[in-house]
Amino acid sequence: MRPSVIRVWDPPHAVDRNAVVVRWEVILVLLVTVGQSAIYSVVSFIRAATRAPISQQQTQLNPSRSAEPLWDAIYQFLDIFFSLALVALVVYLLWEPGLSALRRIGLDLRRFGGDTARGVLLVALIGVPGIGVYAAGRALGQSIAVIPAPLDSSWWVIGLLILAALRAGLTEEVIFLGYLFDRLRRLGWSWTWVIVSTALLRGSYHLYQGWPSALGNVVMGLVFGWCYRRWGRVMPLVIAHTIIDIVAFVGYPLAAAWWPGTFTPTPGPTPTPTPSVTP
């Protein structure tokens, strides 16, 4: 008899999934997460560009959901909770037998000290110039006034804003990097095209703020994509993104008081709609 052949089982991450299944999964994930928000963002920008001057318009990142403070807090919390449920769904889709998805994309606490140090370095590299890009866009009249948080906030709003910043960091970095990098590589995309395409998607996701902010986020996507490719860990990028948004959300009232011409919008048309997921 012909001897039986024993085939060595490949690690789960090395096994190619059916390309058709992967493509449809990517499309469906994008349609309910960042892809949906990117479409809303593009439509919002087109609508804004065909109305009054962009410099006279505004958009809110964390708009109130109710005139009653307690119910507003409840609605805000539920919105954050269900957004994070979508992130959990994406992580679930990455999970395969024998290998934790969290460890595979580096969303764990094994190297928290090093991840935090890298995250802080990225804040200095991306966050500070990002403020400059927004200020320049406002000065040129090409950026929509972005209101990260209401100025007349209740005492518990700080906690909700921190959760909203964490939500933004997890949503963008886990989906743009951890998920899309894995799936697009399985489809045979080159690393260069994966990094460039996800950066462009990230930029379109923020286009509702104006083209300067969109361009700044494309650059951020290129840097973050290169870092993820090099480090193999999404945690430093989540930390950096969260810190940047905490500074933006919580520090907005101070910035509006110190530089009202740049950070306080002039009265204008109805605010442009905010994308449905998170900016």
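The first residue in the sequence is number 1, and the count goes up from there.
Listed by chain and number, the residues in a side chain to side chain donor-acceptor pair (under 3.5 Å) with Tyr228 amount to none (sequence neighbours excluded). Under the side chain to side chain donor-acceptor pair (under 3.5 Å) criterion, Arg111 pairs with no residue, sequence neighbours left out. Partners of Thr242 according to the side-chain contact (heavy atoms from CB on, under 4.5 Å) rule, which considers only residues two or more places apart in sequence or in another chain, are Ala165, Leu166, Val238, Ile246. Scored by the salt bridge (Lys or Arg N to Asp or Glu O under 4.0 Å) test, Arg103 finds no partners at all (sequence neighbours excluded). Under the side-chain contact (heavy atoms from CB on, under 4.5 Å) criterion, Ala240 pairs with Leu122, Val123, Phe224, sequence neighbours left out. Partners of Arg23 under the side chain to side chain donor-acceptor pair (under 3.5 Å) rule, at least two apart in sequence or in another chain, do not exist in this structure. Scored by the ring pair (Phe, Tyr, Trp, His ring centres under 6.0 Å) test, Tyr179 finds no partners at all (sequence neighbours excluded). Under the side chain to side chain donor-acceptor pair (under 3.5 Å) criterion, Arg118 pairs with no residue at all, not counting sequence neighbours.
Residues Leu86 and Thr171 fail the side-chain proximity criterion, which asks for heavy atoms closer than 4.5 Å. Using a 4.5 Å heavy-atom cutoff, the side chains of Trp231 and Leu237 are in contact. Side-chain contact between Arg167 and Glu172 is absent, with no heavy atoms from C-beta onward closer than 4.5 Å. Looking at heavy atoms from C-beta onward, Trp191 lies in side-chain contact with Phe181 at the 4.5 angstrom threshold. The shortest side-chain heavy-atom distance between Val218 and Arg202 does not fall under the 4.5 Å cut-off. With contacts defined as side-chain heavy-atom distances shorter than 4.5 Å, the pair Ser204/Leu201 qualifies. Taking the side chain as every heavy atom from C-beta outward, Val174 and Leu107 approach each other to under 4.5 Å. Between Met235 and Thr116 the shortest side-chain heavy-atom distance does not fall below 4.5 Å.
For the residue pair Gly225 and Leu177, the shortest heavy atom distance occurs at CA-CD2, 4.0 Å. Closest approach of Ala124 to Pro129, counting heavy atoms only: O-CD, 3.6 Å. Residues Ala168 and Asp245 come closest through the heavy atom pair CB-OD2, 3.2 Å. In this structure, Gln36 and Val32 approach most closely via the heavy-atom pair NE2-CA, 3.7 Å. Nearest heavy atom pair, residue Arg47 against residue Arg51, reads O-CG, 2.9 Å. Listed here is the closest heavy atom pair of Ala214 and Leu207: CB-CD1, 3.6 Å.
No donor-acceptor distance shorter than 3.5 angstrom exists from the side chain of Ser44 to the backbone of Tyr208, with no hydrogens or angles considered. For Ser41 (side chain) and Ser37 (main-chain N/O), no donor-acceptor pair under 3.5 Å exists by modelled atom type. Arg183 places no side-chain N or O within 3.5 Å of a backbone atom of Leu187 that could act as its donor or acceptor partner. The closest donor-acceptor contact from the side chain of Asn217 to the backbone of Met220 lies at 3.5 Å or more, if one exists at all. At least one donor-acceptor pair closer than 3.5 Å links the side chain of Gln76 to the backbone N or O of Pro63.
Residue pairs meeting the ring-ring contact (aromatic ring centres under 6.0 Å, His included) criterion with at least one partner in residues 89-120, sequence neighbours excluded, do not occur; the list is empty. The salt bridge (charged side-chain N to carboxylate O under 4.0 Å, His left out) analysis of residues 81-91, with sequence neighbours excluded, yields no pairs. Sorted by first and then second residue, the salt bridge (charged side-chain N to carboxylate O under 4.0 Å, His left out) pairs with a member in residues 215-240 read Asp108-Arg233, Asp115-Arg233; sequence neighbours excluded. For residues 211-226, no residue pair satisfies the salt bridge (charged side-chain N to carboxylate O under 4.0 Å, His left out) rule, not counting sequence neighbours.
Taking the six-membered ring where tryptophan is involved, the planes of Trp71 and Tyr75 are tilted, since the angle between them lies from 30° to 60°.
For Trp24, the CH2 atom is loosely surrounded, since the number of other residues' heavy atoms within 6.0 Å does not exceed 12.
Cluster annotation: Val43 and Tyr40 are assigned to distinct hydrophobic clusters (Ile/Leu/Val/Met/Phe/Trp/Tyr, side-chain heavy-atom contacts under 4.5 Å, transitive).
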